[in-house]
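In what follows, chains carry the letters A, B, and so on, assigned in the order in which the sequence lines appear, proteins first and then strands, with residues in each chain numbered from 1. For the numbers below, each heavy atom of this structure counts, side chains included, while hydrogens, waters and symmetry mates do not.
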Amino acid sequence: MALDNESFEILLATIQRFIRERLVPAENHVEDHDEVPEEIVAEMKELGLFGLSIPEEYGGIGLSMSQEGRVAFELGRTALAFRSVFGTNVGIGSQGILMDGTEAQKHEILPRVASGELIMSFALTEPDAGSDAASLKTRAELDGDHYVLNGTKRYITNAPRAGAFTLMARTGGPGASGVSAFIVPADTPGLRLGKPDKKMGQRGTKTCDVILEDVRVPAANIIGGVPGQGFKTAMKVLDRGRLHISAVACGTAQRIIEESVNYARERKQFGKAIGEFQLIQAMLADSQAELLAGWSLVQDVTRRFDLKPVHESDPEVSMRASCAKLFCTEMVGRVADRGVQIHGGAGYINEYKVERFYRDVRLLRLYEGTTQIQQIIIGREMLRSA
Amino acid sequence: MKLLVAVKRVVDYNVKVRVKSDKTGVETAGVKMSMNPFDEIAVEEAVRLKEKGVASEIVAVSIGVSQAQETIRTALAMGADRGVLVETDVAVEPLAVAKVLKALAEKEGAQIVVLGKQAIDDDMNATGQMLAALLGWPQGTFASKVEIADGTATVTREIDGGLETVALALPAVITADLRLNEPRYASLPNIMKARKKSIDMLKPEDLGVDVTPRLTTLSVSEPPVRKAGIKVPDVATLIEKLRNEAKVI
């Protein structure tokens, strides 16, 4: 599944132009108002951004993972709040249905996801189950042909915008095999949202708790129709999400480097541009080398991802996706830190973009599995396959 | 009414152009190419004329290397109906392009040919005018507003010191200036649809046109580097320097 190269290049050029002309100029507005303007959301829908990863037969564009990576890189070059608006539709919110859903589920949901009419959100994390996702507590009890859901989901991206959730709940006993993935419409009675979370960065993104009290969901809403498969679905979804986040991290690193180079050329101290000092050049060079290393890794792993069958997970590819996530998100953290350092005092001032990116990229090392979870996945696979 | 719109593949306007080390031209290897921005405006105007019901079909034409299909594909994604690529590896000049467009305008029975006022690579600003002369059609160049009614195109032109409005009896040639419109984004679903639209492949000889260059490029060089200015202590020194060094007063 991939778009032909010629069409993809046109598509990428369109997205680059949209980012340059529409999104970058609106960055400060988003930061000041903690909101992506409605007209920009409407333009994103019209442009087709919600359907990037949904196959053409379900009304989307059907990008391959390597193509999605290149788009994610571009999206990383502006405030991350923009990507977040459609990020869950492209990634974690919809991919479970695409990977493991029944034909009926795909036909019912995916075209509306691709058009942006339906915003999907992914609800796995709970107050007591974050990195240890297999221990989640949300219960789903069978009652006739319905399940009754009770529990709380935490830090759910796009929950306030969502029309439906891909939601993990326990239908069976303890551990991973007791977890099922449900499609839960947001307007189901008993489902309510908590207060919006106040976050360190990424202003304009929407996260909050999702509280389930006796929420009745048809048994037919289990993704794939079979209970007990939810944890596997979630892990496959996250593999893909990790590559997407890695590419975003590289795009943001690129933008921070551009901002830093521009500043180093303009800012004068001791009678010359600070870029002429080798200690500044050293910081720029380290950032550049690390970015290119990370981006090479992402391109390699996305290619490998595309070579494997879509619905299967390959431990080797998963391990490499974790390596990309670990390296690229830590890398952009260092690049952002150097970016602030190159800017000096100005880097601590809100007027300069690096200040915002410094806060925004901190989240990349936490979601889609923390750096430490990536280390565990990588280490475990190294010992298993040896 | 059928519209022909000409699109040229040029070095993207965001690219910092570099002269080749042997000074025969500019570096294009590995450089991002896209549609000439004035041609995008021309395509947008054609699509708007179709949306208003004035035009029934838009044919996007390019002359050049086979990769120019991508440029045509962009026009198709914006709303053109089909494409024609006249394929040649020769670096075509305005007169050759005008001859090719004349042949196509006649072959297609087009009522209006819309072009960008000039291309941002060689800035010739000649093709539209030459085409009108070859066809014997009236021309409305540097258009900032176009209205079509009752067999007449009313074109507002951007001229030195103001605007001029001309009425052209169709068929006519129109070239687009910067302020004519703001081109739309080719939406991703429309890019998908554009894949199914056809692009006819022709050679210049199929149209009986000889595209051999008439001009020889002697040398291409970078613009001279701007020298830093100087500070003068007072007005008297400034006047003295302007009079005796720069010799401008």
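In A:Tyr352, the OH atom is not crowded: 12 or fewer heavy atoms of neighbouring residues, nucleotides or ligands sit closer than 6.0 Å. Within a 6.0 Å radius of NZ in B:Lys50, more than 12 heavy atoms belonging to other residues, nucleotides or ligands are found. B:Glu182 CD: 12 or fewer foreign heavy atoms inside a 6.0 Å radius. Around NZ of B:Lys107, the count of heavy atoms belonging to other residues, nucleotides or ligands within 6.0 Å does not exceed 12. Counting heavy-atom neighbours within 6.0 Å of B:Glu51 CD, excluding the residue itself, gives a total above 12. Other residues, nucleotides and ligands place more than 12 heavy atoms under 6.0 Å from the CD atom of A:Glu39.
Atom CG of A:Leu12 is separated from atom NZ of B:Lys32 by 7.0 Å, given to the nearest 0.5 angstrom. For the atom pair CG of B:Asn190 and CG of A:Leu11, the computed distance is 11.5 Å after rounding to the nearest 0.5 Å. Between A:Arg17 atom CZ and B:Ser34 atom OG the span is 10.5 Å, to the nearest 0.5 Å. To the nearest 0.5 angstrom, B:Glu70 atom CD is 9.0 Å from A:Ser7 atom OG. The distance from atom CZ of A:Phe50 to atom CG of B:Leu188, rounded to the nearest 0.5 Å, is 11.5 Å. Here A:Ile10 contributes atom CD1 and B:Met78 contributes atom CE; the two are 11.5 Å apart, rounded to the nearest 0.5 Å.
Using a 4.5 Å cut-off on side-chain heavy atoms (C-beta onward), A:Thr14 and B:Thr74 make no contact. The closest side-chain heavy-atom distance from B:Arg184 to A:Glu46 is not below 4.5 Å.
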Step by step, work out the side chain to side chain contact (heavy atoms under 4.5 Å, CB included) result for B:Arg195 and A:Glu56. CA-CA 13 Å; B:Arg195 292 185 303 168; A:Glu56 210 180 343; 2.5 Å; yes
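Ranking A:Gly48, A:Gly59, A:Ser115, A:Ala13 against chain B, the residue ahead of the rest is A:Gly48, based on heavy-atom pairs under 4.5 Å. Here A:Arg20 is the residue among A:Glu21, A:Arg20, A:Arg22 with the most heavy-atom pairs under 4.5 Å with chain B.
Only the side chain of B:Asn14 comes within contact range of chain A, with heavy atoms under 4.5 Å apart.
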